[in-house]
Amino acid sequence: MKIGFVGLGLIGGSIAKAVREKYPDSRIVAYNRSREPIVQAFRDSVINAATFEIDETFTDCDFIFLCTPVQTNISFLKKLKPYLTEKTILTDVGSTKDSIHGAVALILPDARFIGGHPMAGREKSSYFNSSAGLIRDSYYFITPSKSVKASDVERFENLISSLGCIPVKVDPAEHDYIVGAISHIPHMAAFTLVNLVKDADTSEEHMKETAAGGFRDITRIASSDPTMWEEICLANKDNLVKLLGEYIDKLREIKSLIRAGNGEELHRIFSEAKEYRDSFVDL
Ligand code: NAD
């Protein structure tokens, strides 16, 4: 099996390591724009070949994973075109799916493209923070193009299942709405909470110094890469505008209930949230 990675960062590196662990004899090739991750990946025996341009290194892959920021993934479609063969399943790991499906339909209408998004990750990017275990036991959204054969979808599902992921098949637009609510809005909340404290802190910075468990838990993801999040927000604009509107309405409601001293209604809202959150199954 030959697998190509365009971008060997946190997610590309983690999937490549998981493939190497599960399929020690596979041939793994990678493009990366900087040298250090490539050097380390050779040292780790994760990759067999590397390139700093998209070239024939990618010929005849069984799978190619696009693992750069969402708009950047789109910029690689044209460059990959000459190297896709009959058996190549092209996939990506981007956090939004609608925009890449639109671009694939225009640039690579005949490609066997299956969008993908592992629901795993962390706020520290780069190959140097990657690990095979990162994606294990995590849900993995897949969004097959309409023209992709069922047997190819099965091939891809088999691959990611064999790496320990749980495939969840959805439509690209539905994917973007779902992750808008469960991933993108929480990041907006974390970024703004951190900036709230930054702007509201005392001159001695007591807030920064003493911020403990709850604040740290809820804002961990504010350390995520700003370029990645800029691209995600622009690619999921309509969903985020809608969901942010609903979130702001909920914050406004809390504000007016506090102002009105309506403890009973606040209690009802907090109880409803607690009950729903307690019903989540932790993997
Ligand atoms: P990362 O920063 O660790 O890796 C990004 C990779 O893209 C690196 O190899 C970098 O060299 C390359 N890259 C960035 N800009 C580039 C450019 N202009 N030209 C060429 N190469 C470029 O990021 P990551 O966390 O691995 O994210 C990669 C993808 O995975 C993104 O599309 C993101 O939406 C998605 N994703 C991230 C997470 C997460 O928690 N970090 C989770 C699921 C999916």
Side-chain angles (χ1 to χ4, degrees), residues 4-19 28-42 44 46-47 50-55 58 64-80 90-101 103-104 115-143 160 163 165-168 172 175-176 178-180 182-184 186-188 190-191 220-236 239-240:
F5 288 88
V6 176
L8 211 55
L10 176 72
I11 302 296
S14 296
I15 298 176
K17 285 178 179 177
V19 170
I28 301 182
V29 300
Y31 154 92
N32 204 64
R33 70 174 167 173
S34 57
R35 285 189 73 81
E36 299 80 3
I38 291 291
V39 171
Q40 188 58 44
F42 273 120
D44 296 341
V46 166
I47 57 172
T51 175
F52 298 100
E53 296 290 338
I54 299 298
D55 58 19
F58 283 91
I64 295 179
F65 284 80
L66 291 163
C67 302
T68 69
V70 287
Q71 298 300 336
T72 312
N73 282 338
I74 290 174
S75 74
F76 283 107
L77 296 175
K78 213 175 187 170
K79 294 179 189 159
L80 282 166
L90 179 66
T91 185
D92 76 313
V93 299
S95 304
T96 64
K97 298 272 70 83
D98 215 26
S99 59
I100 192 157
H101 272 276
V104 168
H117 179 196
M119 292 302 285
R122 51 184 303 202
E123 69 287 4
K124 305 263 183 252
S125 25
S126 110
Y127 177 84
F128 294 94
N129 292 305
S130 67
S131 69
L134 186 80
I135 58 164
R136 202 174 297 133
D137 297 328
S138 61
Y139 289 107
Y140 197 123
F141 280 115
I142 62 167
T143 59
I160 59 169
L163 303 179
C165 303
I166 307 151
V168 181
H175 165 275
D176 290 0
I178 294 168
V179 297
I182 60 172
S183 169
H184 305 173
H187 277 81
M188 300 308 114
F191 292 133
R220 177 181 56 78
I221 53 180
S223 293
S224 301
D225 181 53
T227 306
M228 184 171 106
W229 279 96
E230 177 189 334
E231 294 202 9
I232 290 171
C233 285
L234 299 185
N236 203 14
N239 285 317
L240 290 190

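Both ligands and their constituent atoms are indexed starting at 1 by order of listing. Model, not experiment: these values are computed from the prediction.
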[atom]: the protein heavy-atom neighbour that sits closest, reported with distance to 0.1 Å:
atom                    : value
atom 8 (C) of ligand 1  : Asn32 OD1, 3.8 Å
atom 37 (C) of ligand 1 : Ile11 CG1, 3.6 Å
atom 20 (C) of ligand 1 : Tyr31 OH, 3.4 Å
atom 22 (C) of ligand 1 : Arg33 NE, 3.5 Å
atom 14 (C) of ligand 1 : Pro69 CD, 3.4 Å
atom 23 (O) of ligand 1 : Ser125 CB, 4.1 Å

What do we get for [X] next to ligand 1 when only non-hydrogen atoms under 4.0 Å count, side chain, backbone, both or neither?
X      : answer
Thr68  : both
Val93  : both
Met228 : side chain
Leu8   : backbone
Ser130 : neither

Over all atoms of both residues, closest heavy-atom pair of [X] and [Y]:
X      : Y      : result
Glu231 : Gln71  : OE1-N, 2.7 Å
Phe5   : Cys67  : CD2-SG, 4.0 Å
Ser224 : His187 : OG-NE2, 3.6 Å
Ile11  : Gly121 : CD1-CA, 4.3 Å

Close-contact set for ligand 1 against [X] heavy atoms, below 4.0 Å:
X      : answer
Thr72  : 16 (C), 17 (C), 18 (N), 19 (N)
His117 : 43 (C), 44 (C)
Pro118 : 43 (C)
Ser126 : 1 (P), 3 (O)
Arg122 : 40 (O), 41 (N)
Gly121 : 39 (C), 40 (O)
Gly9   : 3 (O), 4 (O), 9 (O), 26 (O)
Ser95  : 33 (C), 34 (O), 35 (C), 36 (N), 44 (C)

- Task: Test Met119 against Ile182 for side chain to side chain contact (heavy atoms under 4.5 Å, CB included), laying out the working first.
- Result: CA-CA 10 Å; Met119 292 302 285; Ile182 60 172; 3.8 Å; yes

For the atom pair [atom1] ([X]) and [atom2] ([Y]), what is the distance rounded to the nearest 0.5 Å?
X      : Y      : atom1 : atom2 : value
Tyr140 : Ile166 : OH    : CD1   : 13.5 Å
Phe52  : Ser34  : CZ    : OG    : 7.5 Å
Asn129 : Arg122 : CG    : CZ    : 4.5 Å
Ile142 : Cys165 : CD1   : SG    : 11.0 Å
Ile100 : Thr143 : CD1   : OG1   : 9.0 Å
Asp92  : Ile64  : CG    : CD1   : 12.5 Å

- Task: Begin with the C-alpha distance, continue with both residues' side-chain angles, and end with the deciding distance and a verdict on side chain to side chain contact (heavy atoms under 4.5 Å, CB included) for Lys17 and Leu134.
- Result: CA-CA 10 Å; Lys17 285 178 179 177; Leu134 186 80; over 6 Å; no

- Evaluating non-hydrogen atoms only, which member of Cys67, Ala120, Ala30, Gly7 is closest to atom 28 (C) of ligand 1?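 Shortest heavy-atom distance from atom 28 (C) of ligand 1: Cys67.
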
- Task: For ligand 1, find out whether one of its N or O atoms is nearer than 3.5 Å to an N or O atom of Ile232.
- Result: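 Checking ligand 1 against Ile232, no N or O pair falls under 3.5 Å apart.
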
- Message: Test side chain to side chain contact (heavy atoms under 4.5 Å, CB included) on Val46 and Leu8; report intermediate values, then the result.
- Response: CA-CA 11 Å; Val46 166; Leu8 211 55; 5.7 Å; no

